[in-house]
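Written below as structure tokens is the structure these notes are about.
Bear in mind that the values here come from a model prediction, so they are computed numbers and not experimental data.
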Amino acid sequence: MTNAQSPVIIITGTPGTGKSTHAQLLANESPVPLRHINVGDLVKEKGLYEDYDEEWQSYTVDEDKLLDELEPIVTEGGVILDWHTCEIFPERWPDLVVVLRCDNSQLWDRLEKRSYPLKKIQENNEAEIMQVVLEEARASYPAEIVVELKSETTEDLEANVTRTVEWVKSWIRERGVDS
């Protein structure tokens, strides 16, 4: 947790649960400026990886380089970190961790539309069924800052963003920050 004027929010979940959509809408609707950082895109743009795995069609992230890149940004506050995992981020960073969840059959369809390889779709579906990301979040951060939200419909999306905006407003009030 920072002493910043704006919170640090992690939005995490299995690929296909709507993290980027939620993060962008939250950044747009927040009463204070929040910078949306798609961590996967940042890794690619800044070369914060060790290599590329062709079979899984994904980068092997250099966690030290990633954390070094993010530390000064997060210290300033006003950030939404959007990534499929959260456990590598230090416990001191987030003020809120939102874990998005989705029905596995709906998730399968979303990942197919992204042209993910079958093996990757299966692995991500199994991870969602087994609540891997949720359990990582619960094991890595205080229970009071971890929130599990359903992300299956447009109504869920709107309700989740509204709920998170209300949380931001409360965070501001509690700290006496001018928005």
Side-chain angles (χ1 to χ4, degrees), residues 1-49 59 61-102 132-179:
M1 296 184 211
T2 67
N3 292 322
Q5 299 292 303
S6 297
V8 173
I9 300 171
I10 296 172
I11 298 182
T12 190
T14 306
T17 55
K19 297 176 297 297
S20 297
T21 304
H22 276 79
Q24 195 54 55
L25 284 172
L26 177 59
N28 292 344
E29 295 183 23
S30 173
V32 292
L34 292 175
R35 177 179 170 194
H36 171 208
I37 298 176
N38 181 312
V39 176
D41 289 348
L42 182 72
V43 165
K44 288 180 252 179
E45 290 165 11
K46 300 277 188 166
L48 307 174
Y49 54 86
Y59 290 91
V61 175
D62 184 323
E63 294 181 4
D64 290 333
K65 283 183 182 177
L66 174 61
L67 294 175
D68 288 348
E69 180 76 24
L70 287 172
E71 180 82 39
I73 298 167
V74 170
T75 301
E76 294 293 315
V79 177
I80 303 167
L81 297 173
D82 154 13
W83 206 25
H84 65 272
T85 188
C86 61
E87 66 184 347
I88 74 158
F89 301 131
E91 184 179 346
R92 70 182 183 279
W93 281 12
D95 297 292
L96 178 67
V97 179
V98 176
V99 182
L100 298 177
R101 302 292 315 280
C102 183
V132 171
V133 178
L134 179 61
E135 294 305 320
E136 286 175 356
R138 287 178 173 162
S140 301
Y141 306 101
E144 63 271 13
I145 71 166
V146 177
V147 180
E148 175 186 7
L149 298 176
K150 185 174 77 165
S151 176
E152 296 175 0
T153 66
T154 302
E155 291 78 18
D156 291 340
L157 172 65
E158 292 168 357
N160 294 343
V161 171
T162 298
R163 179 177 175 178
T164 310
V165 165
E166 289 305 314
W167 177 90
V168 171
K169 289 176 183 175
S170 175
W171 186 94
I172 293 166
R173 277 192 306 277
E174 289 171 10
R175 284 157 186 77
V177 176
D178 295 327
S179 58

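For E63, there are no salt bridge (charged side-chain N to carboxylate O under 4.0 Å, His left out) partners at least two apart in sequence or on another chain. E158 meets the side-chain contact (heavy atoms from CB on, under 4.5 Å) test with T154; sequence neighbours excluded. For S170, the side-chain contact (heavy atoms from CB on, under 4.5 Å) partners two or more places apart in sequence, or in a different chain, are R173, E174. By the ring-ring contact (aromatic ring centres under 6.0 Å, His included) test, Y49 pairs with Y59, sequence neighbours left out. The side-chain hydrogen bond (donor to acceptor under 3.5 Å, both in side chains) check on S20 picks up N38, D82, with sequence neighbours excluded.
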(request) Assess whether side-chain contact (heavy atoms from CB on, under 4.5 Å) is satisfied between R138 and E148, documenting all intermediate values. (result) CA-CA 10 Å; R138 287 178 173 162; E148 175 186 7; 3.5 Å; yes
(request) Go through the steps to decide whether V133 and T17 satisfy the test side-chain contact (heavy atoms from CB on, under 4.5 Å), and finish with yes or no. (result) CA-CA 11 Å; V133 178; T17 55; over 6 Å; no
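Nearest approach of I80 to A23, heavy atoms of both residues: CD1-O, 3.5 Å. Contact detail for V79 and L34: the closest heavy-atom pair is N-CD2, 4.0 Å. Considering every non-hydrogen atom in both A137 and V99, the closest pair reads CB-CG2, 3.7 Å. Annotation for P94 and I145: closest pair O-CD1, 3.7 Å, computed over non-hydrogen atoms. Nearest heavy-atom pair, C102 versus E152, reported as atom, atom and distance to 0.1 Å: C-OE2, 3.7 Å. Residues P7 and V32 share a closest heavy-atom pair of CD-CG2, 4.2 Å.
Here CD of E136 is found 9.5 Å from OH of Y141. Values are rounded to the nearest 0.5 Å. Here the CD1-CG distance, from I9 to L26, works out to 5.0 Å after rounding to the nearest 0.5 Å. Rounded to the nearest 0.5 Å, atoms CG (D156) and OG1 (T153) are 3.0 Å apart. How far NE2 of H36 is from CG of L81: 9.0 Å, rounded to the nearest 0.5 Å. To the nearest 0.5 Å, atom CH2 of residue W83 and atom CG of residue L42 are 9.5 Å apart. For the atom pair H22 NE2 and I11 CD1, the distance stands at 7.0 Å (nearest 0.5 Å).
S30 places none of its side-chain heavy atoms less than 4.5 Å from the side chain of T164.
Using a cut-off of 4.0 Å between Lys/Arg side-chain N and Asp/Glu carboxylate O, K169 and E166 are scored as salt-bridged.
Under the side chain to side chain contact (heavy atoms under 4.5 Å, CB included) test applied with L66, the options L70, D62, D68, D64 reduce to a single match, L70.
Counting only residues at least two apart or in different chains, salt bridge (Lys or Arg N to Asp or Glu O under 4.0 Å) contacts with residues 20-45 comprise D41-K44.
Relative orientation of the W93 and F89 rings is parallel, given thresholds of 30° and 60° on the angle between their planes.
Between the side chain of K19 and the backbone N or O of T14 there is at least one donor-acceptor pair closer than 3.5 Å. A donor-acceptor pair is defined here as one N or O able to donate and one able to accept, closer than 3.5 Å; such a pair exists between the side chain of N160 and the backbone of K150.
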